[in-house]
Structures are given as structure tokens and as C-alpha cells.
There are 2 protein chains.
Amino acid sequence: MANLTPRQTEILQFIEQRLRAEGYPPSQRDIAEHFGFAQNAARDHLQALARKGEIEISPNDARGIRLLREQTPPGLPLLGRIAAGAPITAPSNAEHWLELDPGLFQPRADFLHRVDGDSMIDAGILPGDLVGIHAQSEAENGQIIAACLYEPRGGFERITLKRYRRKGSVVTLHAENPRYEPIVIDLAQPAEDQEAAPFRIAGIMGGLLRTGAPR
Amino acid sequence: MANLTPRQTEILQFIEQRLRAEGYPPSQRDIAEHFGFAQNAARDHLQALARKGEIEISPNDARGIRLLREQTPPGLPLLGRIAAGAPITAPSNAEHWLELDPGLFQPRADFLHRVDGDSMIDAGILPGDLVGIHAQSEAENGQIIAACLYEPRGGFERITLKRYRRKGSVVTLHAENPRYEPIVIDLAQPAEDQEAAPFRIAGIMGGLLRTGAPR
DNA sequence: ACAAGTACTGTTCAAACGAACAGTAGTCGT
DNA sequence: ACGACTACTGTTCGTTTGAACAGTACTTGT
């Protein structure tokens with residue numbers, strides 16, 4: 001919606017910076033002085049930003065600038081069942097939104113996934129844990145990935161945590177629990193049996209959040 | 001440290017409220033008008049608040065009010081080794097400070113503790129995990145607690161995660177790993193042997209944060 | 001009994017500030 | 001070629017605002 005000019009972006013960023021640093025917005029003359037132009041140029045820019053919906057101006061109020069499109073407080077969507085076809089990171093799928101710094105995880109998390117079985121228990125991942133997933137479509141051998149598997153009964157995709165291993169065209173998705181069989185998929189022979197049918201990597205694990213003590 | 005008068009608290013809250021609502025602080029006359037007194041009364045109050053360290057005033061700046069004691073961005077201290085005697089929750093002991101909502105954990109966490117052994121591995125707690133601890137000095141049977149144990153060599157206390165069980169005056173601290181022996185402490189016979197000497201409950205586990213994928 | 005602090009009123013003043021008007025130069029899409 | 005928009009300069013005007021000075025009444029601690 002808003003496509004700002006580079007200059008307007010600069011000015012918006014300056015306002016944000018001053019707000020963080022000072023705790024209150026700059027005056028029109030503050031802006032003008034910082035960029036080295038006259039007050040009216042600042043006023044023009046503010047009006048342009050207001051017209052584009054980035055800010056709101058309270059008439060006749062000193063420093064009466066309110067940021068709209070607020071800086072999102074760093075948070076992560078908790079994704080539940082994924083509607084088939086929809087991109088995983090689509091926030092519309094979010095079950096909840098947790099205020100959690102994505103940078104706490106390594107690599108940085110793009111979304112959270114709630115573990116719903118004990119298949120990864122030997123990797124210290126318990127049912128109910130929230131796993132931070134860094135969205136990417138490739139993985140290295142031995143990494144724990146969020147695998148997106150198509151669920152034939154129901155017509156939706158679901159995310160499962162597995163350890164990824166690939167040898168040539170054969171991908172193996174291991175559970176970290178001896179009671180579960182690994183899923184083997186031969187990429188060279190697509191859609192052979194039902195079990196190993198459509199599969200893609202949703203992302204790799206970057207950490208874990210457990211929101212309660214284990215029983 | 002600051003003990004504000006009821007009136008000063010009201011005014012501080014009004015400033016906070018206006019900051020949230022408008023995005024910029026009120027002017028002295030805004031404050032005066034809201035409370036129904038003259039501008040100079042507002043000024044007096046602001047100076048009192050500044051004197052008490054609640055706010056900072058930028059001279060000659062319209063709405064030049066900066067909140068100090070800012071609404072703490074929800075965060076948690078990561079406590080390392082605990083100096084003997086010092087209260088655990090003393091933030092001076094903090095190794096790092098993570099921006100993390102304490103309310104994510106259940107019960108709400110007061111600090112984080114980094115696990116440094118594999119003694120709780122069967123509870124899905126791996127070395128390096130950050131455990132959210134709710135500070136309290138009592139625990140129920142079966143709960144996982146942060147136990148504060150005195151380290152004779154070194155003269156400091158350290159926190160260890162154990163499963164707590166008490167029968168009469170006998171407390172047992174179980175590891176969740178068959179390779180570790182439980183620690184048994186008889187509260188009725190204090191300081192009997194070295195192993196089970198000074199012990200206290202630092203808090204109970206409220207969750208866990210793993211900031212990377214397991215190897 | 002006195003000083004210090006709280007909680008105000010009232011007035012005046014200068015600086016800070018937003019608003020308005022007029023104008024220039026350049027770019028971009030049609 | 002024209003209108004719309006960006007990105008400015010320069011000046012003036014009136015309001016908003018913080019600052020300062022003087023004073024009152026009440027409370028609290030020593």
C-alpha cells in the first residue's frame with residue numbers, strides 16, 4: 001500500500017529513532033535541522049507521510065506525530081495445522097502470537113510449532129513443546145527439520161519434527177524414539193506409495209520453548 | 001527508592017496513558033487541563049517527578065518528558081553462579097538479560113538457569129538448556145526444583161536442577177538419569193555429612209528454552 | 001517552632017512550534 | 001505538453017508551550 005520514496009523513508013526512520021532515543025517525537029524544526037533543510041520541507045514530508053498512512057498528525061500540537069504501522073513488537077506466530085497449499089509462514093494460519101524474540105533461537109526462528117507426539121523424546125523434545133523453526137526448504141544431514149507431510153484423510157498438511165538424512169535420492173526421516181519407524185522417501189520415484197507421498201521441508205529447528213514443567 | 005505521593009502517581013500514570021494513547025507526551029497545559037489546575041502546578045509536579053528520578057525533562061522542549069523507570073520490556077535475567085549469601089533474584093548476578101516474557105512459563109518465571117550437565121536428560125532437559133525458574137522456597141513432591149547447593153571447594157553456591165521428593169523430614173533430590181545417585185538430606189539431622197550439607201530451594205521449574213537445535 | 005516539602009493560583013515573557021502563502025526545480029506517467 | 005507529485009527555499013503570523021517570579025495554604029518531620 002504505502003510506497004514511500006527513499007527520502008520519506010529516511011524521515012520516517014528518523015522519527016522512529018528519535019522516539020526511541022528521546023521518548024517523544026521530534027518537532028518539524030528538529031527534522032529540518034537534522035536533514036539540513038527548511039521547516040516547511042519537513043512539514044511537506046510529514047503531510048506526505050500522513051497522506052500515505054504512515055503517520056497521523058494532530059493539528060496544532062507540538063510534536064503531534066503518531067506512528068501508525070507501529071514497529072511490531074518482536075513476536076512469533078504459533079502455527080497449528082497448515083491448510084494445504086498455503087505458505088507456511090502465512091500469519092493467517094497462526095494459532096497464537098507469542099511475544100518472543102525470534103533471535104533467541106539459532107538459527108533465528110520464523111515461527112513456532114507445537115509438538116504433539118513423543119516421537120522426538122530422545123532428542124529432549126517432549127509433547128507440547130514449542131519448537132522454533134527457521135523457514136528454509138533445504139536441510140543438511142543430521143539436522144532436525146519441520147517436515148510438511150500431506151495428510152490423505154482430511155486434505156491438509158501437517159508439520160512433523162524429524163531428523164533429516166539424505167543419501168543420493170533417498171531421504172530418511174528419523175524419529176528420535178525407537179518405537180517409531182523411519183519414513184523413507186525416494187525422490188527419484190515420486191508418489192509411489194501413500195506413506196511417503198508428498199513431502200517438503202518447512203524449516204529447520206532452531207530451539208525449543210517449554211511453557212511448563214514436565215509432569 | 002522513589003516514594004511518590006498519590007497525586008504524583010496520578011500524574012505519572014496520566015503521562016504514561018497519554019504516551020500510549022497519543023504516541024507523544026502531554027504538554028504541561030494538557031496535564032493542567034486534565035486535572036483542572038493551573039499550568040504551574042503541572043510544572044511543579046513534573047519537577048518533583050524529575051527530582052525523584054521518575055522522569056527526565058528536556059529544557060525548552062515542547063512535551064520534553066522522557067519516562068525513566070520505563071515499563072520494563074518484559075525480560076528475564078540469566079543467573080550463573082550464585083555468590084553465597086546473595087539473594088538469588090539479585091539481578092547483579094545476571095550473566096545476561098534475555099528479552100523474554102516471564103509469563104510464557106507456568107508458573108511465571110523469575111529468572112533463567114542454564115543447565116550444565118546431563119543429569120535431567122530423561123525429563124527432556126539437555127545440557128545448555130535455559131530453564132525458567134519461579135522463585136519460591138517450598139515445593140511439592142514430584143516437582144522439578146532449582147536446588148541451591150553449597151559448593152565446599154570454591155565457597156559459592158550453585159543451582160542444580162533436581163526432582164524434589166520429601167517423606168517426613170527426609171528430602172530426596174533425584175536426577176533424571178540412572179547414572180546419577182539421588183542426594184538424600186535428613187532435615188532433622190542437620191549438617192551431618194558433607195554431601196548433603198546446606199541446601200535450599202531456589203524455585204520451581206516453569207518451563208524451558210533451548211536456543212539451538214540439539215546435535 | 002521551624003524548615004522542607006506538597007499542592008496549588010496568577011501573571012508575564014520569550015522561545016518553540018505549527019500553519020499558511022508564494023515560489024522554484026526536477027521527475028514521472030499519460 | 002500537461003498535470004501530479006516530490007523536494008525543497010523564504011517569510012510571516014499566531015498559537016502553544018516552557019520558564020520564571022511571587023504568593024497562599026496545608027502537612028510532615030525534627
Side-chain angles (χ1 to χ4, degrees), chain A residues 1-70, chain B residues 1-70:
Chain A
M1 45 203 75
N3 74 347
L4 300 179
T5 65
R7 199 55 160 167
Q8 289 168 354
T9 310
E10 271 189 274
I11 282 153
L12 188 62
Q13 283 173 350
F14 174 69
I15 296 169
E16 284 171 358
Q17 179 224 308
R18 285 287 286 260
L19 243 173
R20 269 198 306 278
E22 309 286 341
Y24 50 89
S27 66
Q28 293 177 4
R29 280 178 176 86
D30 283 346
I31 298 170
E33 196 182 325
H34 178 262
F35 288 97
F37 48 57
Q39 173 232 332
N40 267 0
R43 187 175 164 74
D44 281 357
H45 280 122
L46 290 180
Q47 286 176 337
L49 286 170
R51 218 180 316 119
K52 293 184 174 180
E54 291 292 330
I55 63 172
E56 205 173 277
I57 301 175
S58 299
N60 298 316
D61 261 14
R63 302 165 196 273
I65 302 171
R66 180 191 301 155
L67 293 178
L68 302 178
R69 322 228 188 296
E70 202 86 22
Chain B
M1 48 198 71
N3 68 349
L4 301 179
T5 65
R7 198 56 160 165
Q8 289 167 355
T9 309
E10 271 187 275
I11 281 152
L12 189 62
Q13 283 173 350
F14 173 69
I15 296 169
E16 284 170 358
Q17 179 225 307
R18 284 288 286 258
L19 242 174
R20 268 197 307 278
E22 309 286 341
Y24 51 89
S27 67
Q28 293 177 4
R29 280 179 176 85
D30 283 345
I31 298 170
E33 197 181 325
H34 178 261
F35 287 97
F37 48 58
Q39 173 232 333
N40 267 0
R43 186 174 165 74
D44 282 357
H45 280 122
L46 290 180
Q47 286 176 339
L49 286 170
R51 218 180 316 119
K52 293 184 174 180
E54 291 292 331
I55 63 171
E56 205 173 277
I57 300 174
S58 298
N60 299 316
D61 261 13
R63 303 165 195 272
I65 302 171
R66 181 192 301 155
L67 294 178
L68 300 178
R69 320 231 186 296
E70 201 87 23

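Naming convention: chains lettered A, B, ... in sequence-line order (proteins, then strands); numbering from 1 in each chain.
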Q) Who pairs with A:Arg18 by side-chain contact (heavy atoms from CB on, under 4.5 Å), at least two apart in sequence or on another chain? A) A:Phe14, A:Glu22, A:Pro26, A:Asp30

Q: Let me know the distance between CZ of A:Phe37 and P of D:dC8, rounded to the nearest Å.
A: 6 Å

**Q.** Between C1' of D:dC8 and CD of A:Glu10, the distance in whole Å
**A.** 14 Å

**Q.** Contact letters for nucleotides 14-30 of chain D, in which S counts primed atoms plus P, OP1 and OP2 and B counts the base, heavy atoms under 4.0 Å
**A.** --SBBBBB---------

Q | With sequence neighbours excluded, residues passing side-chain contact (heavy atoms from CB on, under 4.5 Å) with B:Gln39 | A | B:Gln28, B:Arg29

Q) With a 4.5 Å limit on heavy-atom distance, are the side chains of B:Ile57 and B:Leu49 in contact? A) no

Q: Ignoring the backbone of A:Gln8, work out which of D:dT6, D:dC8, D:dT9 is nearest its side chain.
A: D:dT6

Q | Rounded distance in Å - CG (A:Leu4) to C1' (D:dC5) | A | 14 Å

**Q.** Qualifying ring pair (Phe, Tyr, Trp, His ring centres under 6.0 Å) pairs, either residue in residues 36-55 of chain A, two or more places apart
**A.** A:Phe35-A:Phe37, A:Phe37-A:His45

**Q.** Partners passing side-chain contact (heavy atoms from CB on, under 4.5 Å) against A:Ala38 (at least two apart in sequence or in another chain)
**A.** none

Q. With nearest nucleotides of DNA chain D determined for A:Gly36 and A:Ala48 from heavy-atom distances, which residue corresponds to the more 5′ nucleotide?
A. A:Ala48

Q. Rounded to whole angstrom units, what separation is found between the NE2 atom of B:His34 and the P atom of C:dC8?
A. 13 Å

Q. Counting only side-chain N and O atoms of B:Lys52, is one of them less than 4.0 Å from OP1 or OP2 of C:dT6?
A. yes

Q) What is the distance from CG of A:Leu46 to C1' of D:dC8, rounded to the nearest Å? A) 14 Å

Q) Think A:Arg51 has a side-chain N or O under 4.0 angstrom from the OP1 or OP2 of D:dC5? A) no

Q) Under 4.0 Å between a side-chain N or O of B:Thr5 and OP1 or OP2 of C:dG5? A) no

Q. Who passes side chain to side chain donor-acceptor pair (under 3.5 Å) against B:Thr9, sequence neighbours left out?
A. none

Q: Please round to the nearest 0.5 Å and tell me the distance separating atom CD1 of A:Ile55 and atom CD1 of A:Ile15.
A: 5.0 Å

For nucleotides 27-30 of chain C, print each protein N/O atom paired with a nucleotide N/O atom at under 3.5 Å, atom names and distance only.
none

Q) Sequence neighbours excluded, which residues qualify as side-chain contact (heavy atoms from CB on, under 4.5 Å) partners of B:Arg20? A) B:Glu16, B:Gln17

Q) Rounded to whole angstrom units, what separation is found between the CD atom of B:Glu33 and the P atom of C:dT9? A) 13 Å

**Q.** All salt bridge (charged side-chain N to carboxylate O under 4.0 Å, His left out) counterparts of B:Glu33, not counting sequence neighbours
**A.** none

Q) D:dA7 P sits how many Å from A:Arg7 CZ, rounded? A) 8 Å

